[in-house]
Structures are given as structure tokens and as C-alpha cells.
Student: 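The following block contains the structure, expressed as C-alpha cells.
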There are 2 protein chains.
Amino acid sequence: MSPRTEEQNQKIKDERHEQILQAGIAVFAHKGFAATKITDIAAAANMSHGLIYHYFTSKEAVYVAIIERAMQGAAVFATEALEKPGTAWERLRYLCERQLAGIREHPEYYAVIVQALTSQDIPEEAHAALQRFGSKVYMATLTLVQQGQQAGQVVAGDPVELTYAFYSLIQGIAISTVSQLRVRPQETTDNDHSIKVDTALRILKA
Amino acid sequence: MSPRTEEQNQKIKDERHEQILQAGIAVFAHKGFAATKITDIAAAANMSHGLIYHYFTSKEAVYVAIIERAMQGAAVFATEALEKPGTAWERLRYLCERQLAGIREHPEYYAVIVQALTSQDIPEEAHAALQRFGSKVYMATLTLVQQGQQAGQVVAGDPVELTYAFYSLIQGIAISTVSQLRVRPQETTDNDHSIKVDTALRILKA
DNA sequence: GTCTATACGTAGATAGAC
DNA sequence: GTCTATCTACGTATAGAC
């Protein structure tokens, strides 16, 4: 029985930390912040509820960490799209593709975000992260829309309204996807009616 | 001191019942089902929490009544649009107008619905109402989209995907409106960037 | 019809054993 | 590092007074 080294301990710590976050995402996505119990997360992560308090100071802290990660991921798409080479339309298309793929592949992340957006009762820090990263995505989209209008690729009109509409559509698709997940969790044989990039972009296309 | 008549008592009952529902809508819209305490509703309705149990059997019962009313209201628009005279496009336009107006004028109703859609933790009956009325709206929209396609007014393509996209857009607009309400509750001087009917309909227009 | 006081359950968080 | 036992607080729902 050799004692664990410092590195091994650190590795265990990191693993547990990650386990809690993963379990938290799954549970918060389904139930929302208030309805989620620490014991739910503990059960999903296969550990005692006491152990969670060894890694996080509170339920709030777990939630904030998750919201921050989720929003950071969403903001990355926006930054990438802005910095990419190509026409404004190509970059808008790229952004839309990444967002739709994100919703398809990681609906839980979008679920927690949408939940958080509609709830007054979340921790202040979570709200701050939501605003901070959210405005980043919004501003990036607005810039691309304006550039697209100058290039004649995006329809004319109030760019704020158009950006807002596009942004709303993405959020709405996230909701629909999540609430469908709930009704038919693993339906794979059904025809694929998921929204295509070109359909979503119709709202902006000149 | 004349004793109250049966009618007067009934009137008081109805008033209280309605007070609780109104207070419930306001509170549930902000906090969601789980985070809302009975005492919150009681405070908003200016009555003791005990009295709520005189009119409703439980917190769940209050919630279900609210969800049912909200969804019923949404379904009415869809039914009206279906039965209206005029071309498919005119009726789609009518539906869209009513939905956007509903979001603008009664965001709390849409807030509770969107909250409910994204949460696993709501009462079974509320879930059932959500499904029942929701599919009514969805089916009505699908019918109009198909008729519009036959008339060449709605763009060609998978009608299910298009309906789903339009439906998602409306839900997304509801979320955006609600989460903005939260950030700047009574901002009236700002320019109006709310989404116009024609912008929303771009997603369907041929 | 309405309120206040209370019972009961349970969730968040801590302490101490291993 | 991890678990179990426990404390404390609070929310739902009821009972009984007015």
C-alpha cells in the first residue's frame, strides 16, 4: 500500500470536480436551479452529498461554475466567427452552424442557459455571467449583421431588430429541442425535422 | 350588520380565487414553480398563506390552473386563425400578429409557459395541459403552412421543419422579452426594437 | 371567510469518523 | 479523500380561534 503522491491526489481532485460539474449540468438542465437538490447531483455523480461540499462551497457555487462554462462555450463561437476570414455572410453562416450544432450535440448546456434566462431566482453571479457573455454574443452578431447589410447580403432594415430576431430564433430552437428531449428522450427512428442552417438564416438573408 | 347573502359570498369567493391566480402568475413568472413559495403568492395577493389553502388544495393546484389558463389563451389564437376567412397567408399573418401582441401585452403568461416548457419538475397535470394545447397550436400552424405552400405564399420545403422553426421563433421572442423585462423592467424611452410581424414571417415567406 | 399557531417533512450545510 | 450522522432552517399543509 504505497501512499498517494501529490500528483495523484491532484488528479483525483480534478476528476471529482469535473464529475460534479457534469452531474450538475445533467440535473440542472432537467430541473432548474431551485428544484435541484444537492443529493440529486450527488446521486448523479455517484458520491455522497457531503463530498460535494468538499469541492464547492454551496449549491450556488456549483451552479455558477456551470453557467460560466456554458456561456463561455457559447461566446467562443461568436468570437471565432468575428475573427474568421471571409465575407460577413460566410461568417454569419459559420456562427449559425456552430450554434445549431451546439444545440444538437449538447442540449443540456443550452437548457441550463435558457432556464437561467427565464428565472429571477438564480444567484447574482450567475446572472452576471449570463449578461457578460450574452452581450458578447449579441454584439458579435450585430456586427456581422451590419457588415452583411453593407455588403448587400443581409436584408435591409433595423439591424438591432434583425439581430434580436435571429438571437431569439436560436434561443427558441434551444427550447424546442430541450422540451422535445423531455417528451421523447431517445427517439432516433423518426424523420429528422431539425432546423437547417439555411432555414434559420432566412430571417436575415437579403 | 346584515348577514351576507349567498350571492355576496360567492362574489367574494370568485374575487379571492382570481386574486390568487393573478398573484400566482406574477410570482411564478419571475421565479418558476419550484422557487415560488406559497407565502410569496399570499404576500402578492395580500392575504395569509392559510387562505390560499381554502381555495386551492395545494401549490400544484394553483400552478396547474395558471398553466391551463395561459395555454388556453394561446390556443384560442390558433383556432381563430384556422377558422378565419381569407388566404392562408393572411391567416398566418393574423396568428403571428396575435402571438406577438400577446407576448408584448402579457409577458407573464408567456414567461410561465416557457418556464414550464424547460422544466422537468412541474406537476404532471401541468405537463399534460402544455402538451394538449401546445399540439393544438402546432397543428394549426402546420395546416396554415401547408395551405400557404399550396397557394405559393409560403416557401417550399419540409412543412414540419418550417412550422417548427416558426414556432421556435415565437418561443424565442417570448424568452427574449421576458429576460429583458428582468434587466430593465420599465424602460419606455428607449427606441423600439421589438420584432415586427413581417420580420418574423420572413422565415416562412416565399 | 380569514387569520395565527403549529406539525411535519425535507433540504442545505457541517462535523467527525474512517 | 470520502462517508455517515447530525444540526438547523424553512416550506407545505393543517387545525383551531375569531
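Numbers restart at 1 for each chain; the letters A, B, ... are given by sequence-line order, proteins then strands.
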Student: Given atom CD of Q19(A) and atom P of dT2(D), what is their separation to the nearest angstrom?
Tutor: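 From Q19(A) CD to dT2(D) P: 8 Å.
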Student: With a distance cut-off below 6.0 Å to the six-membered ring centre and an angular limit of 45° from the axis, does K59(B) pair with F28(B) as a cation-pi contact?
Tutor: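 The answer is no, since K59(B) fails at least one limit relative to F28(B).
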Student: When you check the phosphate oxygens OP1 and OP2 of dG1(D), does a side-chain N or O of H54(A) lie under 4.0 Å from one of them?
Tutor: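 Yes, such a contact exists.
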Student: State whether the distance check finds a donor on one side and an acceptor on the other, under 3.5 Å, for side chain H49(A) versus base dA11(C).
Tutor: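 No.
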Student: How long is the line joining CZ of F33(A) and P of dA11(C), in whole Å?
Tutor: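 Answer to the nearest Å: 14 Å.
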Student: Between the side chains of R69(B) and E18(B), is the shortest nitrogen-to-carboxylate-oxygen separation below 4.0 Å, so that they form an ion pair?
Tutor: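 Here E18(B) pairs with R69(B) in a salt bridge, since their nearest N and O are under 4.0 Å apart.
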Student: Could you state the atom-to-atom distance from CG of L51(A) to P of dT14(C) in whole Å?
Tutor: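 L51(A) atom CG is separated from dT14(C) atom P by 14 Å.
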Student: In this structure, how many angstroms lie between the C1' atom of dT2(D) and the CD atom of E15(A), rounded?
Tutor: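 Checked: the CD to C1' distance equals 15 Å.
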Student: Would S119(A) and D121(A) count as having a side-chain donor-acceptor pair, cut-off 3.5 Å?
Tutor: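 S119(A) vs D121(A): no donor-acceptor pair found between side chains.
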Student: Just call it for Y55(A): base, sugar-phosphate, or nothing, with non-hydrogen atoms closer than 4.0 Å on any strand.
Tutor: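 Sugar-phosphate contact only - Y55(A) comes under 4.0 Å of backbone atoms but never of a base.
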Student: Between dG12(C), dT12(D), dG1(C), which nucleotide gets closest to the side-chain atoms of K13(B)?
Tutor: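 Minimum distance to the K13(B) side chain belongs to dG1(C).
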Student: Which nucleotide in the list dG12(C), dT12(D), dG1(D) gets nearest to the side chain of K59(A)?
Tutor: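 So the nucleotide nearest the side chain must be dG12(C).
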Student: Given dG1(C), is OP1 or OP2 found less than 4.0 Å from the side-chain N or O atoms of R16(B)?
Tutor: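 Checking R16(B) against dG1(C): no side-chain N or O falls below 4.0 Å of OP1 or OP2.
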Student: Rounding to a whole Å, what distance do you find between F56(A):CZ and dG1(D):P?
Tutor: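 Going from F56(A) (CZ) to dG1(D) (P), I get 14 Å.
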Student: With the threshold set at 4.0 Å, does a side-chain nitrogen-carboxylate oxygen contact exist between E68(A) and R132(A)?
Tutor: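 Judged by the 4.0 Å cut-off on N to carboxylate O distance, E68(A) and R132(A) do form a salt bridge.
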Student: In whole angstrom, what separates M47(B)'s CE from dT2(C)'s P?
Tutor: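 Between P of dT2(C) and CE of M47(B): 7 Å.
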Student: Does dT14(C) have OP1 or OP2 under 4.0 Å away from a side-chain N or O of Y53(A)?
Tutor: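 For Y53(A), the contact criterion (side-chain N or O under 4.0 Å from OP1 or OP2 of dT14(C)) is not met.
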Student: How many Å lie between CD1 on I52(B) and P on dT4(C), as a whole number?
Tutor: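 Between P of dT4(C) and CD1 of I52(B): 13 Å.
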Student: Using whole Å, report how far NZ of K37(A) lies from P of dG11(D).
Tutor: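 These atoms are roughly 16 Å apart.
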Student: Taking the basic N atoms (NZ, or NE/NH1/NH2) and the acidic carboxylate oxygens, is any pair closer than 4.0 Å for E97(A) and R93(A)?
Tutor: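 Yes, E97(A) and R93(A) are salt-bridged.
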